[in-house]
Amino acid sequence: MDSSSNQPKESSQSPSQEGSSQQELRAIRIDKVSQLREHGVNPYPTSFDVTHHTQAIHEAGDSMIAEPVEEGQRVRIAGRVMTRRIMGKAAFFNLQDATGVLQVYIRRDDLPEGQFNEVFKKLTDIGDIVGIEGFVFRTKMGELTVHALHFEMLSKAVRTIPIAKEVEQEDGQKVVYDAFSDKELRYRQRYVDLIVNPDVREVFRKRTQMVQVMREFMNQREYLEVETPILQPVYGGASARPFVTHHNTLNMDLYLRIANELYLKRLIVGGFDGVYEFSKDFRNEGLSRFHNPEFTQVELYVAYKDYNWMMEFTEEMIEAVAIALHGSPKVQTKAGVIDFTRPWTRIPMLSAIAEAVGQDVSTMDDAALAALAKSKGVSVEADDSRATVLDELFGELIEPGLIQPTFITDYPVEMSPLAKRHPDNPALVERFEAICNGKEIANAFSELNDPLDQRERFEEQVRQRAAGNEEAMQIDEDFLRALEYGMPPTAGLGVGIDRLAMIMTDSESIRDVLFFPQMRPE
RNA sequence: GAACCGGUAGCUCAGCUGGUAGAGCAACUGGCUUUUAACCAGUUGGUCGUGGGUUCGAGCCCCACCCGGUUCACCA
């Protein structure tokens, strides 16, 4: 492992690389596992019949309390012990299950001989998973509580969980003390983060709900959810550097997909009218608050439609997401309220730039355009194409200011090798991006289905690659062959699920909407 | 890849001008049958990210490296 291998070997009972204090805490808990067995208690039994979740009991509230209370309905709940308050012959503890937290009251005299003192008081810790059966009542202080008549250890934890204490102040504000907040530990040990930070669980529930709403939205329109290859012999559909892997038996390199666009369009050629896929894509680029090497997009292709139709589809679907998650198309974020109410503003890219710089750039020659960019503080390289300069201008001057969802339309053809040319201006394509909170959340176009034009566009990409653009596309001969069989006019859409989840959950980093963000090894 | 900020007990954090490291919670022992940051009394717990250096003496100063965060560059 490392150069310290001449040290005495650590016992398998105590993981290395940990402080002695933590090892002591762990050793004490492991000893408790043995003690439980000595008391005839299985620390890891196989099952427990749960009748109620804590949330259901909270919702039922006083209707679950009988008169007298001990004759109330028996409830069986299971979960993790989060706090303990022991008072000699009785105790309270908070039990957390998948739905919430509920207080439990437990007394020595309600349990079999010795169970309270030996098993509960001495051998049960915060973090253990237990099951109880009892009846519901309210304490003197009015807190809904289950009075336990039966107690079972369900899983003994041998590591301590970081305890946060929550206090409700007189004004009703909740203050959390000692919250588990170290971002590195939270990302590396997400399971602990999820145990102790309820807000984190809520973020991921919202993310899942968001995907479900979108899936249902597309299913209702009878688009087919499909699966296409992640391991691709030729990568394409986006401008990015790929991950490379190797298949031993075939003895060939394969690429992890950077997009699934070209496969989904093959399926449109095959005769499906609408296909979509929630797709993990992989791009071998830097990491940041907005970039993880693997990320999720949904891509959708619909035959006989164009990008105008797709704009309406997009704003309708995302408005539906906002309403499902927040009960309203208006979403509160740190950047202010974002209002997804359709229709969203639509601005052609060149008009947006003209408005920002106060001049019409469409009639400007390349040199004048480059000079303009420099005068606006936008850095341009000598060999940048006209399209690149326009993209830079847009990205620097306009995009960051677009907080409310906005469609930017009609991009230069050089940047969009898979999009159909605009009928009014062959230098542009029928493409839009949806910008929200200063970031692209969706990208779509009327798909190029002219196989000869598509071949020329690929060949231009090859020239760009030869000129040093590592992100330029490869020629996909099989895709061209598919187009030659004829693809109907088609509208295509990609929505960045992580980016949208960040907005919908008001998260500042993509790591906060990924369970397991990419990290360097510990 | 660059700049800035950070890394001290299991968790959250103090630690002054360099003088042998502290609190709360957790844990351990005892007490307490409606508590709720439960409480009361006592106890334990540290490779101060790692490795060098300066110094009589380093958590603190210097250098290198590791990990994380943020910003920038690239991108979705």
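By convention in this document, chain letters (A, B, ...) are assigned in the order of the sequence lines, proteins followed by strands, and residues within each chain are numbered from 1. Only this structure's heavy atoms are used, side chains among them; waters, hydrogens and symmetry mates stay out.
No contact: A/A91 has no heavy atom under 4.0 Å from any strand. A/E166 comes within 4.0 angstrom of the backbone, heavy atoms only, and of no base. At the heavy-atom level, A/M141 lies under 4.0 Å from base atoms of the strands shown. At the heavy-atom level, A/Y177 lies under 4.0 Å from base atoms of the strands shown. A/K32 comes within contact range of the sugar-phosphate backbone alone, with a heavy-atom separation under 4.0 Å but no base atom that close. Backbone-only engagement by A/I28 is indicated by non-hydrogen atom pairs under 4.0 Å involving sugar-phosphate atoms exclusively. Among the protein residues, A/R241 comes within range of no part of the nucleic acid, since none of its heavy atoms lies under 4.0 Å from any strand. When heavy atoms are screened at a 4.0 angstrom cut-off, A/L185 is found touching the sugar-phosphate backbone but no base atom. Nucleic acid contact class of A/R186 (heavy atoms, under 4.0 Å, all strands): none. Residue A/R520 is classed as a sugar-phosphate contact, given heavy-atom separations below 4.0 Å to backbone atoms only. Counting non-hydrogen atoms under 4.0 angstrom, A/N443 reaches nothing in the nucleic acid. Contacts of A/N284 with the nucleic acid, taken as non-hydrogen atoms under 4.0 Å apart, are absent.
Using a 4.0 Å cut-off, some side-chain N or O of A/R85 falls inside it from OP1 or OP2 of B/A38.
With A/N260 as the fixed residue, the side-chain hydrogen bond (donor to acceptor under 3.5 Å, both in side chains) test singles out one of A/E227, A/K280, A/E277: A/E277. Checking each of A/I106, A/N94, A/T124 against A/R84 for a side chain to side chain contact (heavy atoms under 4.5 Å, CB included) leaves exactly one that passes, namely A/T124.
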Enumerate donor-acceptor pairs with a distance under 3.5 Å from any side-chain N or O in residues 437-446 of chain A to protein atoms, sequence neighbours excluded.
{"unit_1": "A/N443", "atom_1": "OD1", "unit_2": "A/R431", "atom_2": "NE", "d": "3.0"}
{"unit_1": "A/N443", "atom_1": "OD1", "unit_2": "A/R431", "atom_2": "NH2", "d": "3.4"}
{"unit_1": "A/S446", "atom_1": "OG", "unit_2": "A/Y307", "atom_2": "N", "d": "3.0"}
{"unit_1": "A/S446", "atom_1": "OG", "unit_2": "A/E430", "atom_2": "OE1", "d": "2.6"}

In a table with atom names and distances, give each donor-acceptor pair under 3.5 Å that connects a side chain of residues 394-406 of chain A to protein atoms at least two apart or in another chain.
{"unit_1": "A/Q404", "atom_1": "OE1", "unit_2": "A/D339", "atom_2": "N", "d": "2.7"}
{"unit_1": "A/Q404", "atom_1": "NE2", "unit_2": "A/V337", "atom_2": "O", "d": "2.8"}
{"unit_1": "A/T406", "atom_1": "OG1", "unit_2": "A/Q404", "atom_2": "O", "d": "2.8"}

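Aromatic ring orientation, A/Y255 versus A/Y235: perpendicular (interplanar angle above 60°, classes split at 30° and 60°).
For B/U35, the base has a donor-acceptor partner in the side chain of A/Q103 [N/O atoms by modelled type, under 3.5 angstrom]. One N or O donor and one acceptor, one from the side chain of A/T139 and one from the base of B/U35, sit under 3.5 Å apart. One can find a donor-acceptor pair under 3.5 Å joining the base of B/G24 and the side-chain atoms of A/D178.
For the pair A/D128 and A/R29, the salt-bridge criterion is met [side-chain N within less than 4.0 Å of a carboxylate O].
When rounded to the nearest whole Å, the span between CZ of A/R289 and P of B/C4 equals 20 Å.
The stretch residues 493-508 of chain A touches RNA chain B through A/R499, each having a heavy atom under 4.0 angstrom from the strand.
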